[in-house]
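Note sheet for the following structure.
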Amino acid sequence: MIFVGLMTLFQGIAGIAKDDLFVTTRNYVYQFSLTGWGWVHLILGIIMLLAGFALFKGALWARMIGVALAGLGMIANFMWLPYYPFWAMLLIAIDVIVIWALCAAPRLPQT
């Protein structure tokens, strides 16, 4: 979760700082400004980082929030596909792995 948060954070920084780096397509349904997408990914990355660190406590609520954030990350990266397809597909696959890991993790004893 921390790795996904960092990669999403870097994706957001790249979208904000160098929005002319990415190729944009015409007539895309989810078309926003690239800087706007950068801010979405930056905020999502920060929240994912915080949730990733909360997972070290082993709390069930942290796992549920992690699953929800990874799902949101998958949706955001799906919408990011026209701008950087390889990176978006890679992060979608990692989000799927994170969701699987959070759902399949053994239950820790409550303290």
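Side chains are part of it too, since the values below use all heavy atoms of this structure and drop only hydrogens, waters and symmetry mates. If you're wondering where the values come from, they're calculated on a predicted model, not measured in any experiment.
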**OP:** Could you walk me through whether I75 and F78 pass the side chain to side chain contact (heavy atoms under 4.5 Å, CB included) test, one step at a time?
**Re:** CA-CA 5 Å; I75 293 169; F78 174 76; 5.6 Å; no
Test of understanding: with side chain to side chain contact (heavy atoms under 4.5 Å, CB included), list the residues that count as partners of [X], not counting sequence neighbours.
{"X": "V67", "result": "I99, L102, C103"}
{"X": "I46", "result": "L9, L42, L50"}
{"X": "A93", "result": "none"}

What are the two closest non-hydrogen atoms of [X] and [Y], and how far apart are they?
{"X": "A54", "Y": "A62", "value": "O-CB, 3.7 Å"}
{"X": "A88", "Y": "L81", "value": "CB-CD2, 3.8 Å"}
{"X": "M1", "Y": "A51", "value": "CE-CB, 4.3 Å"}

Original post:
side chain to side chain contact (heavy atoms under 4.5 Å, CB included) between F56 and I2: does it pass, once the steps are laid out?
Top reply: CA-CA 10 Å; F56 284 120; I2 294 171; 3.5 Å; yes
Original post:
For the hydrophobic clusters of this structure (ILVMFWY residues joined by side-chain heavy atoms under 4.5 Å, transitively), does one cluster hold both L91 and I97?
Top reply: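 Different clusters.
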Original post:
Considering only heavy atoms from C-beta outward, does the side chain of Q11 approach that of N77 to under 4.5 Å?
Top reply: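 The answer is yes, as the side chains (C-beta and beyond) meet within the 4.5 Å cut-off.
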**OP:** Please examine the side chains of F10 and H41, heavy atoms only from C-beta on, and report whether any two atoms are closer than 4.5 Å.
**Re:**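 SC-SC contact between H41 and F10 ruled out.
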Please round to the nearest 0.5 Å and tell me the distance separating atom [atom1] of [X] and atom [atom2] of [Y].
{"X": "L44", "Y": "W39", "atom1": "CG", "atom2": "CH2", "value": "14.0 Å"}
{"X": "W61", "Y": "L55", "atom1": "CH2", "atom2": "CG", "value": "8.0 Å"}
{"X": "L49", "Y": "L69", "atom1": "CG", "atom2": "CG", "value": "10.5 Å"}
{"X": "I94", "Y": "F3", "atom1": "CD1", "atom2": "CZ", "value": "4.5 Å"}

Original post:
Who passes side chain to side chain donor-acceptor pair (under 3.5 Å) against D95, sequence neighbours left out?
Top reply: none
